[in-house]
Amino acid sequence: MAKLDLNKLPKHIGIIIDGNGRWAIKRGLPRFVGHDVGFDTLIKILKYAFELGIDTISVFCFSTENWNRPKVEVEHLMQLFRKAFTKDFEELYKYDAKLYVSGDYSKFPEDIAKKIEESLEKTKNFKSHKLNLCLNYGSHDEIIRAVNNIIKDDLKQVDATIFNNYLYSKDLPPLDFIIRSSGECRLSNFMLWQAAYSEFYFEKTPWPAYTKRKLNKALLSYQNRERRFGAIKDKK
Ligand code: IPE
Ligand code: MG
């Protein structure tokens with residue numbers, strides 16, 4: 001495989017985790033097994049991405065629409081978050097990644113919300129990377145919340161910089177590259193504003209089977225793209 005240019009990595013990548021359920025069902029397993037394996041995959045991929053030197057990673061973990069899933073599945077996901085914020089994410093602390101959360105996590109069970117607060121506090125001075133977990137997140141929700149806060153603050157006019165400051169992601173760079181697993185080619189309400197100039201990569205593999213090698217392949221594809229941001233290459 002061609003070699004990655006570590007000086008040309010995307011600064012901010014977004015990961016849309018998808019295909020956990022289908023991966024499990026295909027193996028005759030209950031959907032929740034897909035979430036369990038998918039969670040281990042996430043930790044493995046985050047570590048690898050930080051090791052490569054990716055600055056910021058946003059992960060779509062739980063959407064505002066995921067509450068509509070069967071109660072047992074939602075509860076299982078909550079249990080995974082409970083475990084993650086109690087123990088598993090600590091493994092990531094050594095990568096010096098500051099945690100950010102996009103979404104209204106106060107709607108999560110109280111003990112989990114409290115653990116999230118503790119993790120935010122513990123990592124608040126970490127400097128090497130940024131890890132943004134989207135929890136009870138939806139882009140429409142984020143944008144409407146921003147507009148309502150702008151109204152509350154009595155602003156009569158905003159520009160893109162001011163508007164950006166009202167988003168959960170205000171301290172993060174814009175997305176450069178979004179990877180979605182499991183073959184679906186859509187954004188599903190993930191960071192619409194932040195994705196304005198992002199490149200996209202749709203991977204057929206379901207998330208639990210995702211590998212470091214697949215991430216390498218995606219990053220190589222990114223490095224072969226020409227980003228023009230609406231301009232043209234040769235200004236002459
Ligand atoms: C993504 O996998 C995990 C979450 C949304 C939490 P899915 O659960 O959407 O898996 P499929 O798409 O049903 O296979
Ligand atoms: Mg899905």
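Just so you know, these numbers come straight off a predicted model, no measurement behind them.
- Counting only distance, with no hydrogens or angles, the side chain of Gln223 and the backbone of Leu4 share no donor-acceptor pair below 3.5 Å.
- Looking at heavy atoms from C-beta onward, Asn66 lies out of side-chain contact with Glu73 at the 4.5 angstrom threshold.
- Across every non-hydrogen atom of Val101 and Tyr105, the tightest pair is CG1-CD2, 3.5 Å.
- Annotation: Lys26, atom NZ; neighbour count of heavy atoms from other residues, nucleotides and ligands within 6.0 Å does not exceed 12.
- Across all their heavy atoms, Val33 and Leu29 have their closest contact at CG1-CD1, 4.0 Å.
- Ser181 places no side-chain N or O within donor-acceptor distance of the main-chain N or O of Pro206, the cut-off being under 3.5 Å.
- Take Phe200 and apply the ring-ring contact (aromatic ring centres under 6.0 Å, His included) test, not counting sequence neighbours, and it matches no residue.
- Between Phe50 and Ile57 the shortest side-chain heavy-atom distance falls below 4.5 Å.
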Go through the steps for Phe190 and Ser58 under the test side chain to side chain contact (heavy atoms under 4.5 Å, CB included), then give the verdict. CA-CA 10 Å; Phe190 176 68; Ser58 288; 4.2 Å; yes

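- Remark: side-chain polar atoms of Ser102 are not paired, donor with acceptor, to backbone N or O of Tyr168 under 3.5 angstrom.
- By the criterion of side-chain heavy atoms lying less than 4.5 angstrom apart, applied directly or through intervening Ile, Leu, Val, Met, Phe, Trp or Tyr residues, Ile16 is not grouped with Leu80; the two fall into different hydrophobic clusters.
- The neighbour count for Lys47 NZ, taken as heavy atoms of other residues, nucleotides or ligands under 6.0 Å away, is above 12.
- Linking ILVMFWY residues whenever their side-chain heavy atoms come closer than 4.5 Å, directly or via other members, places Leu42 and Ile116 in the same cluster.
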Output, in order, the C-alpha distance, side-chain angles, deciding distance and verdict of side chain to side chain contact (heavy atoms under 4.5 Å, CB included) for Met191 and Cys134. CA-CA 9 Å; Met191 300 184 86; Cys134 297; 4.3 Å; yes

Show, in sequence, the C-alpha distance, side-chain angles and deciding distance for Glu51 and Lys212, and conclude whether the salt bridge (charged side-chain N to carboxylate O under 4.0 Å, His left out) test is met. CA-CA 11 Å; Glu51 275 160 20; Lys212 297 175 192 177; 5.6 Å; no

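- Of the possible polar contacts, one joining the Asp159 side chain to the Thr161 backbone as a donor-acceptor pair under 3.5 Å is found.
- Proximity of Asn165 to Ile162: side-chain heavy atoms (C-beta onward) are nowhere separated by under 4.5 Å.
- For Gly21 against Arg31, the heavy-atom pair with the smallest separation is CA-NH1, 3.5 Å.
- To the nearest 0.5 Å, atoms CZ (Arg145) and OH (Tyr166) are separated by 11.0 Å.
- No option in Phe85, Phe89, Trp207, Tyr210 other than Phe89 meets the ring-ring contact (aromatic ring centres under 6.0 Å, His included) test with Phe39.
- Placement of Trp67 and Leu135 within a single hydrophobic cluster is found when ILVMFWY residues are connected by side-chain heavy-atom separations under 4.5 Å, directly or transitively.
- To the nearest 0.5 Å, atom CG of residue Leu215 and atom CD1 of residue Ile15 are 7.0 Å apart.
- Residue Leu99 holds its CG atom at 4.5 Å from CG of Leu120, rounded to the nearest 0.5 Å.
- For the residue pair Asp96/Ser128, the side-chain donor-acceptor check at 3.5 Å is satisfied.
- No continuous path of hydrophobic side-chain contacts links Ile43 to Val37 [ILVMFWY only; heavy atoms under 4.5 Å].
- There is no side-chain donor-acceptor pair under 3.5 Å between Tyr48 and Arg213.
- Within 6.0 Å of the CZ atom in Arg225, the count of heavy atoms belonging to other residues, nucleotides or ligands exceeds 12.
- Checking side-chain atoms of Asn136 against main-chain N and O of Asp104 turns up a donor-acceptor pair under 3.5 Å.
- Applying the salt bridge (charged side-chain N to carboxylate O under 4.0 Å, His left out) test to pairs two or more places apart or on separate chains, those with a residue in residues 122-136 are Glu90-Lys122, Glu121-Lys124.
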Could you walk me through whether Leu187 and Ile178 pass side chain to side chain contact (heavy atoms under 4.5 Å, CB included), step by step? CA-CA 9 Å; Leu187 268 180; Ile178 296 174; 3.9 Å; yes

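- For the pair Arg69 and Phe62, the cation does not sit on the ring face, since its NZ or CZ is not both under 6.0 Å from the ring centre and inside 45° of the axis.
- Contact detail for Met78 and Pro109: the closest heavy-atom pair is SD-CD, 3.6 Å.
- Ring orientation note: the planes of Phe177 and Tyr222 are tilted relative to one another, at an angle of 30° to 60°.
- Proximity of a side-chain donor or acceptor of Thr41 to a complementary backbone N or O of Pro208 within less than 3.5 Å is detected.
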Evaluate Thr205 against Glu203 for side-chain hydrogen bond (donor to acceptor under 3.5 Å, both in side chains), listing each step before the verdict. CA-CA 6 Å; Thr205 311; Glu203 165 67 54; 2.6 Å; yes

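- One N or O on the side chain of Asn189 and one on the backbone of His140 form a donor-acceptor pair closer than 3.5 Å.
- Taking a 6.0 Å sphere around CD of Gln157, one finds it holds 12 or fewer heavy atoms contributed by other residues, nucleotides or ligands.
- One finds the NZ atom of Lys217 at 12.0 Å from the CG atom of Leu219 (value rounded to the nearest 0.5 Å).
- Annotation: the span from Ile45 atom CD1 to Ile179 atom CD1 amounts to 8.5 Å, rounded to 0.5 Å.
- Judged by distance alone, the side chain of Arg180 and the main-chain N or O of Cys185 form no donor-acceptor pair under 3.5 Å.
- How far CG of Asp55 is from CG of Leu131: 11.5 Å, rounded to the nearest 0.5 Å.
- With hydrogens and angles disregarded, no donor-acceptor distance shorter than 3.5 Å links the side chain of Arg227 to the backbone of Glu199.
- Summarising the geometry of Gln194 relative to Ser169, their closest heavy-atom pair is NE2-OG, 2.7 Å, with the distance given to 0.1 Å.
- The shortest heavy-atom contact between Pro30 and Ala24 is O-CB, 3.3 Å.
- Relative orientation of the Phe60 and Tyr137 rings is perpendicular, given thresholds of 30° and 60° on the angle between their planes.
- Hydrophobic clustering places Leu155 together with Val147 (ILVMFWY residues linked when any side-chain heavy atoms are closer than 4.5 Å, directly or through intermediates).
- A 4.5 Å side-chain heavy-atom check between Thr123 and Leu92 finds every atom pair outside the cut-off.
- Between the side chain of His35 and the backbone N or O of Leu77, no donor-acceptor pair lies under 3.5 Å.
- Qualifying ring-ring contact (aromatic ring centres under 6.0 Å, His included) partners for Phe126, counting only residues two or more places apart in sequence or in other chains: Tyr93.
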Given salt bridge (charged side-chain N to carboxylate O under 4.0 Å, His left out), test Lys11 with Asp176 step by step and report yes or no. CA-CA 6 Å; Lys11 191 172 163 80; Asp176 296 305; over 6 Å; no

